[in-house]
Amino acid sequence: MNLDAVRRVADAVLYEGYILYPYRASAQKNRSRWQFGVLMPPSYAAVDPSETTRLRAECVLEHSGAPEVTVIVRFLQVQRRTRLKANPDPAIPASWDEAVEHEVTVTGLAEATDFEIPGGEQHEADIVRRRAPLTGTVSIHAEPLPGPSQAVRLAVEVTNRTAAGAVPADREAALPAALVAAHLIITVTGGTFLSMTDPPRWAGPAVADCRNEGCWPVLADQGGTAMLASPIILPDHPEVAPESAGELYDGTEIDEILTLRTLALSDEEKREARATDPRAAALLDRVEAMDGATLGRLHGTFRKPDVPWWDPEADASVSPETDTVVVGGQRIGRGSRVTLRPGVRRADAQDMFLVGRVAVVEAVLLDVDDNPYLAVSLADDPDPELRAAHGRFLYFTPDEVEP
């Protein structure tokens, strides 16, 4: 199974918030990192109820009789970088947390599969990098669901069992013993996963009974054979835009904006960012090497859907300018004059000022459930042509107007 596209999205999850713009250790927001998918060692989670040692993902899959499930657990191991000698250059931080990627793969149902990640220490001139050893457990269970369909509720649980020795003094001290940005890629052969956000009607109760803690599983491929269970809530079939040139470590930003802001950093700010983290240095190199065509692609791309949710040209039966509705025994359509009677349950308090006002119907529209409503403009509007040109109308249901 080719998981390249899934891994691109999973990598964005893995490094979400790893180092935030402006990519400098001195930035206040980069002094409080590692916020997503953190599974702390038991000794620290026991004294801080806001932290947890485990994540749990549950989803529903249909199968043909002999499904084979594979779970890939992905996370970061904190690597603490320390400078042994004092450095007079304030741009170079005395200490900084880097990260090392890890994957643990478990195939088949398993009550408990233990894993170990070794620690280590590396020296480079006056810099030392230290990693604490990690231990954990992956468990995979399948519970058959009642009914004619061959379906099971699949549960995957990952637990950090790292012994951190004495109880860490604070969160920063506990992080080297944590699994950071932990998430799952779950695949199946001989079966298909069901959407957790839009399941078929028969599977609705089973999906509602699923218990997800610290993550949310979504369909990760079009064939329903892969799920991505992420600490960041994503839609089904998430994608990384092909125009995106690489990680910016801040998924809440728009690539173009963040790229332009990075280019606008001063030379001194860029020097500090390069000294902070190798990934920040590589990001700066990539951004500075972008040509005009690459930047132009980041400015925006319009992708027309294959099947528009509503398009007058695709559905000739819908004509807002000529359609009508019956109100009070009279046909109301474009050009009709009506008196506004907004309902008492409307959310906009400004509607009270429209009671009794006369309006002109501009169009009869349908919502996604085929319920009609009216687009209107006030008859005494001082500039109706401008509003019409911009499509700035007021909207009411037929029972909120009188002929």
Side-chain angles (χ1 to χ4, degrees), residues 2-31 33 35-36 74 76 81 89-93 96-101 181 183 218 220-222 228 230 232-309 311 313-314 389-392:
N2 189 330
L3 295 175
D4 289 349
V6 179
R7 285 181 183 277
R8 285 197 72 197
V9 178
D11 285 346
V13 171
L14 192 65
Y15 286 100
E16 167 70 24
Y18 172 80
I19 177 172
L20 300 169
Y21 171 88
Y23 309 122
R24 305 194 305 270
S26 62
Q28 187 64 41
K29 59 185 176 182
N30 280 320
R31 299 178 188 178
R33 300 160 68 210
Q35 301 299 321
F36 297 100
R74 309 176 83 236
L76 298 176
R81 186 185 79 202
D89 189 346
I92 301 177
W96 179 256
D97 283 353
E98 301 170 343
V100 178
E101 295 181 24
H183 61 278
V218 298
D221 69 341
Q222 295 298 328
L228 174 60
S230 161
I232 302 167
I233 296 179
L234 300 169
D236 282 337
H237 312 121
E239 296 179 279
V240 175
E243 294 80 15
S244 182
E247 301 98 339
L248 290 165
Y249 307 113
D250 194 338
T252 62
E253 295 284 354
I254 299 172
D255 282 31
E256 182 188 28
I257 294 175
L258 201 51
T259 296
L260 293 175
R261 291 176 69 181
T262 301
L263 288 171
L265 292 172
S266 68
D267 291 342
E268 180 59 30
E269 289 170 329
K270 290 179 181 178
R271 191 173 76 86
E272 184 182 348
R274 292 181 190 279
T276 292
D277 189 275
R279 290 183 179 274
L283 184 156
L284 285 169
D285 290 342
R286 185 180 72 245
V287 167
E288 291 184 330
M290 286 184 177
D291 57 18
T294 303
L295 285 170
R297 285 193 294 272
L298 293 182
H299 186 62
T301 299
F302 177 74
R303 295 182 177 88
K304 187 175 181 180
D306 295 334
V307 181
W309 72 272
D311 184 343
E313 295 180 1
H390 288 276
R392 300 293 296 272

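Heads up: numbering here begins at 1 and tracks the sequence. Just so you know, these numbers come straight off a predicted model, no measurement behind them.
When side chains are defined from C-beta on, M290 does not count as touching L263, because their heavy atoms never get closer than 4.5 Å. Under the 4.5 Å side-chain criterion, counting only non-hydrogen atoms from C-beta, V13 is not in contact with R74.
In plain terms, the two heavy atoms of D291 and T294 that are nearest each other are OD1-OG1, 2.7 Å. Between P278 and E98, the closest heavy-atom pair is CD-OE2, 3.7 Å. Nearest heavy-atom pair across A27 and P22 is CB-CD, 4.0 Å. Summarising the geometry of V240 relative to R8, their closest heavy-atom pair is CG1-NH2, 3.4 Å, with the distance given to 0.1 Å. Here the closest heavy-atom approach between residue L14 and residue A181 is recorded as O-CB, 3.3 Å.
We find the CG-CD distance between D236 and Q222 to be 9.5 Å, quoted to the nearest 0.5 Å. Between atom CG of residue L248 and atom CD1 of residue I257 there is a gap of 11.5 Å, rounded to the nearest 0.5 Å. From N30, atom CG reaches atom CD1 of I19 across 5.0 Å, with rounding to the nearest 0.5 Å.
Remark: the backbone N or O of P93 is not paired with any side-chain donor or acceptor of R81 at under 3.5 angstrom. Judged by distance alone, the side chain of R274 and the main-chain N or O of A280 form no donor-acceptor pair under 3.5 Å. Of the possible polar contacts, none joining the R261 side chain to the Y21 backbone as a donor-acceptor pair under 3.5 Å is found. A distance-only check finds no donor-acceptor pair linking the side chain of S230 to the backbone of H183 [under 3.5 Å]. No side-chain donor-acceptor contact under 3.5 Å links Y23 to the backbone of D277. Under the 3.5 Å distance criterion, the side-chain polar atoms of H237 are left unmatched by any main-chain donor or acceptor of P235.
A salt bridge between E247 and R279 is absent, with no side-chain N of the basic residue lying under 4.0 Å from a carboxylate O of the acidic one. Using a 4.0 Å cut-off between charged nitrogen and carboxylate oxygen, R7 and E101 do not count as a salt-bridge pair.
For Y18, the ring-ring contact (aromatic ring centres under 6.0 Å, His included) partners at least two apart in sequence or on another chain are Y15, W34, Y249. Under the rule for a side chain to side chain contact (heavy atoms under 4.5 Å, CB included), A12 has no partner lying at least two apart in sequence or in another chain.
Each of T262, L265, V287 was scored for a side-chain contact (heavy atoms from CB on, under 4.5 Å) with K270, with one residue passing: L265.
Summarising the local packing, CD of E243 is surrounded by more than 12 heavy atoms from other residues, nucleotides or ligands at distances under 6.0 Å. The neighbour count for D285 CG, taken as heavy atoms of other residues, nucleotides or ligands under 6.0 Å away, is above 12.
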Assess whether side-chain contact (heavy atoms from CB on, under 4.5 Å) is satisfied between E16 and D250, documenting all intermediate values.
CA-CA 6 Å; E16 167 70 24; D250 194 338; 4.3 Å; yes

